[in-house]
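What you see is a predicted model; the values in this text were computed from it and never measured.
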Amino acid sequence: MESAGSPSADAAPLTGGDVAAGTETATTNRHDVAVSVTGLSKRFGDGPTAVTAVDDVSFEIETGSIVGLLGPNGAGKTTLIKSILGMVLPDAGTVRIRGIDVYDRPREAYAYVDAMLEGARNDYWRLTVRENLRYFATISGVDPDSVRDRHDRLLTQLGLEAKADVPVRELSRGMKQKVSLASVLAGGAEVVFLDEPTLGLDIESSRTLQRELRRLVEEENLTVILSSHDMDVVETVCDRVLIMSDGAIIADDTVAALLDGTDRHRVQIASRDLDAAIVSRLEDRFAGIRVEPYDRGNVIELTTDSDGFYELFDTLRAAGVTLERVRTIEPDLEDVFVDLTAVDRGER
């Protein structure tokens with residue numbers, strides 16, 4: 001993982017650039033907007049081979065919320081994040097952090113921002129946990145002595161207090177992830193971008209990190225934009241979800257509203273009458289059927305809409321299938337995500 005405040009080439013735009021002349025101060029509207037994106041677009045290449053990675057994207061994120069950013073590979077998430085962070089220069093659109101235009105006044109705007117990006121090293125493993133916090137506060141332009149209390153609080157909140165003077169290289173993977181998060185917060189950033197923060201963690205470590213992240217947001221009034229392929233993480237910690245497909249936002253709502261708005265039903269059926277011929281007939285009609293052996297028969301599991309749900313049982317009845325076990329499963333965020341992106345690609 002790499003903090004946007006770490007000394008890498010990719011991270012440089014977050015601390016570089018001159019403050020534009022003028023007397024405008026940071027402002028937020030009556031909704032207390034932390035991040036505002038308007039008409040953001042980015043196209044790579046020219047002519048028929050050009051690719052539109054971000055297509056006229058607009059949204060606002062309120063202070064003190066966690067917003068999940070989802071999308072299949074190639075949807076434009078990374079380009080969107082890098083455009084917001086100043087790592088990629090968009091072709092059109094504006095980004096404001098606490099009311100400050102990031103392209104006009106990058107140094108002032110990014111003073112409120114930090115990021116933990118997936119796929120690169122973040123902390124200095126030869127340094128202790130506390131030394132890492134002091135270092136990242138320093139490169140954020142903050143006197144580390146002035147935020148010592150904050151560092152102590154972060155160490156306590158993330159369960160790192162006992163490891164404060166231990167070199168990071170001696171810590172477990174889960175502990176290193178916590179140090180990465182603490183380092184991002186060490187300078188007092190108010191808006192934090194986290195890309196795959198639970199990547200590679202075991203279940204217990206992931207749940208601990210999720211719980212602590214939620215608590216930090218509530219206690220520190222942080223604003224978090226979280227990108228992850230782990231739907232359980234997004235469903236657990238996020239107040240709201242943005243779903244991208246082909247460079248555009250195709251859904252923007254709370255997790256609860258997305259789940260309530262789906263017409264998809266997941267059902268699991270077990271029967272000894274589900275022979276190969278019947279299973280084959282169902283596979284021709286319903287996409288994504290999962291089949292497992294069951295006591296000389298089979299168990300099938302599939303997700304479909306209301307019409308398909310009734311058609312399934314009509315087909316089974318007509319085939320003389322005796323249902324030995326039927327289990328309906330409430331749709332989760334993954335079901336909604338797959339359904340929405342499939343519709344957007346014209347697959348349904």
Side-chain angles (χ1 to χ4, degrees), residues 10 13 33 35-61 65-96 102-103 115 117-119 193-197 199 224-235 238-264 266 286-288 302-305 308 331-348:
D10 283 345
V33 173
V35 180
S36 176
V37 175
T38 306
L40 204 66
S41 296
K42 179 62 182 179
R43 187 178 177 89
F44 293 102
D46 297 304
T49 60
V51 175
T52 301
V54 179
D55 189 7
D56 194 23
V57 167
S58 299
F59 58 86
E60 291 183 341
I61 297 176
S65 62
I66 304 182
V67 174
L69 179 62
L70 302 178
N73 291 333
K77 302 187 305 298
T78 299
T79 301
L80 175 61
I81 291 174
K82 287 187 174 182
S83 295
I84 295 172
L85 294 177
M87 296 174 167
V88 169
L89 184 64
D91 300 319
T94 60
V95 176
R96 291 180 177 271
V102 303
Y103 305 123
L117 304 181
E118 184 273 324
F193 289 78
L194 302 178
D195 188 13
E196 301 290 357
L199 183 68
V224 176
I225 296 87
L226 186 153
S227 177
S228 178
H229 286 92
D230 190 330
M231 299 295 171
D232 289 338
V233 171
V234 175
E235 189 169 346
C238 291
D239 302 301
R240 174 175 149 221
V241 177
L242 304 173
I243 299 179
M244 291 189 72
S245 180
D246 292 330
I249 301 290
I250 62 170
D252 177 359
D253 217 328
T254 64
V255 172
L258 288 171
L259 294 177
D260 289 343
T262 184
D263 184 38
R264 306 293 278 171
R266 189 147 48 116
F286 300 96
L302 59 89
T303 301
T304 186
D305 58 16
D332 57 19
L333 188 60
E334 183 173 354
D335 294 324
V336 175
F337 171 79
V338 170
D339 190 38
L340 287 172
T341 53
V343 169
D344 188 67
R345 294 191 303 267
E347 296 177 3
R348 283 191 57 220

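A pairwise comparison of heavy atoms in Leu40 and Val54 identifies O-CG1, 3.2 Å as the closest pair. Shown here for Tyr103 and Pro90, the closest heavy-atom pair between the two residues is OH-CG, 3.2 Å. Between Phe44 and Ala53, the shortest heavy-atom distance links the atoms CE1-CB, 3.7 Å. Of all the heavy atoms in Val37 and Val57, the pair that sits closest is CG1-O, 3.5 Å. Summarising the geometry of Val234 relative to Ser228, their closest heavy-atom pair is CG2-CB, 4.1 Å, with the distance given to 0.1 Å. Residue Leu69 comes nearest to Lys77 through the heavy atom pair O-CD, 3.8 Å, listed as atom of the first residue, atom of the second, then distance.
Among residues two or more places apart in sequence or in another chain, the side-chain hydrogen bond (donor to acceptor under 3.5 Å, both in side chains) test is passed with Thr304 by none. Legend: residues meeting side-chain hydrogen bond (donor to acceptor under 3.5 Å, both in side chains) with Ser41, ordered by chain and number and at least two apart, are absent.
For the atom pair Asp246 CG and Thr52 OG1, the distance stands at 10.0 Å (nearest 0.5 Å). Atoms OG1 and CD, on Thr303 and Glu334 in that order, are 9.5 Å from each other to the nearest 0.5 Å. To the nearest 0.5 Å, atom CG of residue Leu340 and atom CD1 of residue Ile243 are 5.0 Å apart. Here the CG atom belonging to Leu117 is positioned 10.0 Å from the OG atom belonging to Ser227, to the nearest 0.5 angstrom. Remark: Ile61 CD1 to Leu242 CG distance equals 6.0 Å, nearest 0.5 Å.
Using a 4.5 Å cut-off on side-chain heavy atoms (C-beta onward), Leu226 and Pro197 make contact. Side chains of Thr341 and Leu70 form no contact here, defined as non-hydrogen atoms less than 4.5 Å apart. At a threshold of 4.5 Å between non-hydrogen side-chain atoms, the residues Thr78 and Ile81 do not count as touching. The side-chain heavy atoms of Phe337 and Pro72, taken from C-beta on, include a pair separated by under 4.5 Å.
Ser58 places a side-chain N or O within donor-acceptor distance of the main-chain N or O of Gly39, the cut-off being under 3.5 Å. Between the side chain of Glu60 and the backbone N or O of Val33, no donor-acceptor pair lies under 3.5 Å.
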Could you pull out every donor-acceptor pair under 3.5 Å between side chains of residues 249-259 and any protein atom, sequence neighbours left out?
from, atom 1, to, atom 2, distance (Å)
Asp252, OD1, Arg240, NE, 2.7
Asp252, OD1, Arg240, NH2, 3.4
Asp252, OD2, Arg240, NH2, 3.2
Thr254, OG1, Ala257, N, 3.1

Verdict with supporting geometry, Val224 and Leu194, side chain to side chain contact (heavy atoms under 4.5 Å, CB included):
CA-CA 7 Å; Val224 176; Leu194 302 178; 3.9 Å; yes
Please lay out, stage by stage, how Arg43 and Val51 fare under the test side chain to side chain contact (heavy atoms under 4.5 Å, CB included).
CA-CA 6 Å; Arg43 187 178 177 89; Val51 175; over 6 Å; no
Would Lys42 and Asp91 count as a salt bridge (charged side-chain N to carboxylate O under 4.0 Å, His left out) here? Give the steps.
CA-CA 5 Å; Lys42 179 62 182 179; Asp91 300 319; 3.8 Å; yes
